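A short worksheet on the structure shown next.
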Amino acid sequence: VQLQAFGGGLVQPGGYLRLSCAASGSIRRIRLMGWYRQAPGNERELVATINSGGSTDYVDSEKGRFTISRDNAKNAAYLQTNSLKPEDTAVYSCNAEITPSGYILSRTVNYWGQGTLVTVSS
């Protein structure tokens, strides 16, 4: 099982990006998917999560600007980031709690995708 995040890039303040996270491999079920970010010199922080039923949770500072969604058929999650600010500059990584094929449903394995860099600058 692998997770891959992509969609980062250079964007001007006020702009937007849509980040994607795709899981591949022998997957029985994906429970929780989430986006994290780590700015230079800072600890990694949770941005948003979404469960298999579509319920979402956000860090308070990003409510209203960022939107997490997922496509269960594609084993994918997305993060729509709007009104980007320079302080949003960070490496954004995706995380998923996955039950691989051959595992019982109650067992999950935590997977991380490689990060994708978002740079907000004029």
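Bear in mind the structure is a predicted one, so any value in this text is a computation, not a measurement. These values consider heavy atoms only, across backbone and side chains, with no hydrogens, waters or symmetry-generated copies. When a residue number appears, it is its place in the shown sequence, counting from 1.
Nearest heavy atoms, Gly113 versus Ser93: O-CB, 4.1 Å. When every heavy atom of Ile104 is checked against every heavy atom of Arg28, the shortest pair comes out as CA-NH1, 3.8 Å. Heavy atoms only, all atoms of each residue included: Ile30 and Ala23 are closest at CD1-CB, 3.8 Å. For the residue pair Cys21 and Trp35, the shortest heavy atom distance occurs at CB-CZ2, 3.5 Å. Pairing each heavy atom of Arg70 with each of Ser52, the nearest pair is NH1-N, 3.3 Å. When all heavy atoms of Leu84 and Leu17 are compared, the pair lying nearest together is CD1-N, 3.9 Å.
Between the side chain of Gln114 and the backbone N or O of Ala5 there is at least one donor-acceptor pair closer than 3.5 Å. Side-chain atoms of Tyr103 do not come within 3.5 Å of backbone N or O of Ile98 as any donor-acceptor pair.
A distance of 10.0 Å separates CZ in Arg29 from CD in Glu97, rounded to the nearest 0.5 Å. Taking CD of Gln12 as the reference point, atom OG1 of Thr119 lies at 13.0 Å (rounded to 0.5 Å). Between atom CG of residue Asn110 and atom CZ of residue Arg31 there is a gap of 11.5 Å, rounded to the nearest 0.5 Å. In this structure, Leu105 CG and Thr99 OG1 are separated by 6.0 Å, a value rounded to the nearest 0.5 Å. In this structure, CG in Leu19 is found 7.5 Å from OH in Tyr92, a value given to the nearest 0.5 Å. Here the CG atom belonging to Leu46 is positioned 11.5 Å from the OH atom belonging to Tyr58, to the nearest 0.5 angstrom.
A 6.0 Å sphere centred on CD of Gln2 holds no more than 12 heavy atoms belonging to other residues, nucleotides or ligands. Within a 6.0 Å radius of OH in Tyr16, other residues, nucleotides and ligands contribute 12 heavy atoms or fewer.
Residues Leu79 and Phe66 meet the side-chain proximity criterion, which asks for heavy atoms closer than 4.5 Å. Taking the side chain as every heavy atom from C-beta outward, Asn42 and Arg37 never approach each other to under 4.5 Å. Within the 4.5 Å cutoff, the side chain of Leu10 has heavy atoms near those of the Ser121 side chain. The shortest side-chain heavy-atom distance between Val1 and Val109 does not fall under the 4.5 Å cut-off. Residues Ser122 and Pro13 meet the side-chain proximity criterion, which asks for heavy atoms closer than 4.5 Å.
Hydrophobic clustering (ILVMFWY, side-chain heavy atoms < 4.5 Å, transitive): Leu3 and Ile27 are in one cluster.
Geometrically, Arg18 engages Tyr78 in a cation-pi contact, judged by NZ or CZ lying under 6.0 Å from the ring centre and within 45° of the ring axis.
Each of Asn82, Thr81, Asp88 was checked for a side-chain hydrogen bond (donor to acceptor under 3.5 Å, both in side chains) with Arg65, and the lone residue meeting it is Asp88. Here the rule is side-chain contact (heavy atoms from CB on, under 4.5 Å) with Tyr36, and of Val59, Asn95, Val47, Val91 only Asn95 fits it.
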